[in-house]
Amino acid sequence: MSSIFALVDCNNFYASCEKLFRPDLKHRPVVVLSNNDGCVVARSKEAKALGIKMGVPVFQIRDQIEQHNIVCFSSNYALYADLSQRVMSLLEEEAPYVEIYSIDEAFLDLTGLDGCVDILSFGQHLKAKVDQCTGITVGVGIAPTKTLAKLANHAAKTYPATGSVVNLMERDRQRRLLALLDVSDVWGVGRRLSKRLYERGIYTALDLADANSKVIRSEFSVVLERTVQELNGVSCIALEDAVPVKQQIVCSRSFGTRIIEKEALKEAIAKYMGRAAEKLRSEQRLARVVQVFIRTGAFNPNDTYYTNALTIELSHPTNDSRDLLKAAYEVLEKLYRPGYRYAKAGVMLTDFYEHHAYQQDMFQADPVRKGSKALMEVIDNINHSRLGKVFLAAQGTSTPWSMKREHLSPAYTTQWSDLPIVR
DNA sequence: TCTGGGGTCCTAGGACCC
DNA sequence: TCTGGGGTCCTAGGACCC
């Protein structure tokens, strides 16, 4: 029995979320900005029509924003995450297996369903249900492999005549669509790869599908060979119905203003480590390896560029914010060079252990702190409740370098105080 | 002046071992 | 002068994704 995958993808997700609570903006161009209000990361269809490109720095399109009255929002992840959850739980009601692939898309396993229902109608039903229950419009692509489902979804969004639902189970239809698409539209083929593929005369998705997969393997990689198989309807990438265990936890931010002093960098690192340690504890895990990186701005040719990262291995795995921060500070001491204008810093935790499975060494030099688990639990509980925020003093309270979010919308769905009011 | 953040997987090359 | 081959493990870096 051949597999059937559906890819459900929300249209212009962040921009759609913002519009949901602002009916006055229904037909207006809207863009959502990255952290620090730096780049455009989502565009409503009106903004796309104006030619606003994905990822473009905001300062480069100031004129267009003014001229066309484009509405800008800072990213409001609390809002997007909540709406995402609503969409995903609707999909979970409909399909036996759902892989939440990102905040705005999910793969569904529909294998075997073609025996009981018409697959296209089922896709249309999914779309109608999500539209009706959340107000978020989605596209649905259905195909025998994930890579083809991605392309079916792409077609659903590109061609209005499809009604945003495309069934790509038939080989003839697959090949007709592949011939229309550039090879760079294929999932897993990015900028570098497409350039190399063009040089070998592979321009369309169909060219790639018809390439010799052994040659692709030897000249490119096993990853691209899998893609060739998938384009030919051979499923190589399975649906992951269990959330894979994380290999690393990263917390990094660009600063709202440049940092020169070490003290300010220390505060930033303390803040990021506080957040990273919290994530680590929420996964019930311990980490043994801590990495810190700092760098100056990468774009200003007048600034001297400096970027560096260092890793330290702890004597024993821990999830105590204080131990992790102490390690991070040691690293920062080695990394920091005075005189640079730092633009970004971050911490990374790796080499994880299960909390209950780690066996302590009774002779280890610096034993685990007494009461660590209880203290961290108290901190996390307070921070998850409505009481407020508890954090290490090292994080500081006055942080002029914190990220810019000048166009933040209210947390309509996750804060009582921000609940929309209808008059 | 101002250019995001958080992930995964694969590969090449060096160190080391027998 | 002649100087093997095969294996593992680790890390840094590259490529991709949303």
Side-chain angles (χ1 to χ4, degrees), chain A residues 7 9-14 31-42 53-63 65 72-77 80-81 84 99-107 146-147 150 153-154 183-197 217-227 236-237 240 243-258 272 275-276 279-280 283 289 291 293 295-303 305 307-311 313 341 343-352 401 403-406:
Chain A
L7 176 63
D9 186 322
C10 302
N11 298 343
N12 321 322
F13 185 56
Y14 294 175
V31 296
V32 178
L33 311 178
S34 63
N35 280 343
N36 265 319
D37 297 341
C39 303
V40 171
V41 293
K53 296 274 177 275
M54 181 70 174
V56 70
V58 177
F59 72 90
Q60 286 177 8
I61 55 165
R62 286 261 181 257
D63 293 347
I65 291 174
C72 300
F73 287 98
S74 303
S75 18
N76 183 346
Y77 291 108
Y80 313 148
S84 170
E99 174 189 340
I100 297 173
Y101 179 68
S102 73
I103 194 161
D104 72 335
E105 59 190 295
F107 285 105
K146 282 181 162 181
T147 305
K150 271 270 186 187
N153 190 283
H154 179 92
V183 71
S184 62
D185 291 329
V186 175
W187 190 38
V189 178
R191 229 182 44 247
R192 308 289 173 104
L193 272 179
S194 46
K195 188 160 170 263
R196 286 173 61 198
L197 287 165
R217 179 179 191 145
S218 64
E219 291 194 21
F220 292 88
S221 68
V222 291
V223 184
L224 196 61
E225 184 196 22
R226 260 198 307 260
T227 302
C236 306
I237 307 171
E240 289 178 23
V243 181
V245 175
K246 268 200 195 113
Q247 307 295 312
Q248 58 180 45
I249 290 172
V250 178
C251 190
S252 69
R253 288 282 179 285
S254 298
F255 308 130
T257 56
R258 297 289 189 256
Y272 305 160
R275 180 80 197 92
K279 283 191 215 172
L280 183 67
E283 308 226 329
V289 169
Q291 185 182 85
F293 73 87
R295 70 166 174 80
T296 59
F299 299 94
N300 189 343
N302 299 323
D303 276 353
Y305 187 63
T307 177
N308 208 351
L310 268 179
T311 297
E313 183 172 334
R341 301 175 67 236
K344 183 176 180 176
V347 301
M348 180 161 95
L349 303 177
T350 49
D351 194 13
F352 294 151
W401 42 267
M403 73 173 173
K404 265 197 301 188
R405 291 172 101 186
E406 287 171 1

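Every chain is numbered from 1 and lettered A, B, ... according to where its sequence line falls, protein lines coming before strand lines.
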Is there a donor-acceptor pair under 3.5 Å between the side chain of [X] and the backbone N or O of [Y]?
X	Y	result
S75(A)	Y77(A)	no
S34(A)	C39(A)	yes
D37(A)	E406(A)	yes
N36(A)	G38(A)	no

### Task
Under 3.5 Å for both distances, Watson-Crick or G-U wobble, that's the pair rule; now give the dot-bracket for DNA chain B, with | marking pairs to another strand and [ ] for crossing ones.
....||||||||||||||
Have a look at [X] and say if it touches a base, only the backbone sugar-phosphate, or nothing, with a 4.0 Å heavy-atom cut-off.
X	result
V56(A)	nothing
N35(A)	sugar-phosphate
R253(A)	sugar-phosphate
D37(A)	nothing
R405(A)	nothing
L33(A)	nothing

What distance separates [X] [atom1] from [Y] [atom2], expressed to the nearest 0.5 Å?
X	Y	atom1	atom2	result
K344(A)	T307(A)	NZ	OG1	9.5 Å
F352(A)	E283(A)	CZ	CD	7.5 Å
R196(A)	L224(A)	CZ	CG	9.0 Å
M403(A)	T257(A)	CE	OG1	13.5 Å

### Query
What distance, rounded to whole Å, do you find between the two P atoms, one in dC17(B) and one in dT3(C)?
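The answer is 24 Å between these two P atoms.
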[X] [atom1] - [N] [atom2] separation (whole Å):
X	N	atom1	atom2	answer
F59(A)	dG4(B)	CZ	C1'	14 Å
E225(A)	dC9(B)	CD	P	18 Å
K404(A)	dC2(B)	NZ	P	9 Å
Q291(A)	dG6(B)	CD	P	13 Å
F299(A)	dC2(B)	CZ	P	11 Å
L224(A)	dT8(B)	CG	P	22 Å
Q247(A)	dC9(B)	CD	P	6 Å
E406(A)	dG4(B)	CD	P	16 Å

Are any of [X]'s side-chain N or O atoms less than 4.0 Å away from OP1 or OP2 of [N]?
X	N	result
R341(A)	dT1(B)	no
R258(A)	dT3(B)	yes
N300(A)	dC2(B)	yes
S254(A)	dT3(B)	no
K279(A)	dG7(B)	yes

### Query
Of the candidate nucleotides dT11(B), dG4(B), dT8(B), which contains the atom at the shortest distance from the side chain of S221(A)?
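Closest nucleotide to the S221(A) side chain: dT11(B).
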### Query
Relative to the 5' end of DNA chain B, which residue comes earlier, Y77(A) or V245(A), by the nucleotide with the nearest heavy atom?
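Result: Y77(A).
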### Task
Would you mind telling me which residue lines up with the more 5' stretch of DNA chain B, G55(A) or F220(A), judged by nearest nucleotide?
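Its nearest nucleotide lies further toward 5', so the answer is G55(A).
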### Task
Cation-pi check, K146(A) to F107(A): give yes when NZ or CZ is under 6.0 Å from the six-membered ring centre and within 45° of the ring axis, no otherwise.
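Yes, K146(A) lies over the aromatic ring of F107(A).
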#### Entry: side chain to side chain contact (heavy atoms under 4.5 Å, CB included) partner of M348(A), chosen from T311(A), V289(A), V250(A)
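Only match with M348(A) under side chain to side chain contact (heavy atoms under 4.5 Å, CB included): V250(A).
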### nucleotides 13-18 of chain C: protein proximity per nucleotide (B base, S sugar-phosphate only, - neither; heavy atom, under 4.0 Å)
--SSSS
### Query
Would you say the side chain of Q291(A) lies within less than 4.5 Å of the side chain of T350(A), judging by non-hydrogen atoms?
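Result no, sub-4.5 Å side-chain heavy-atom pair not found.
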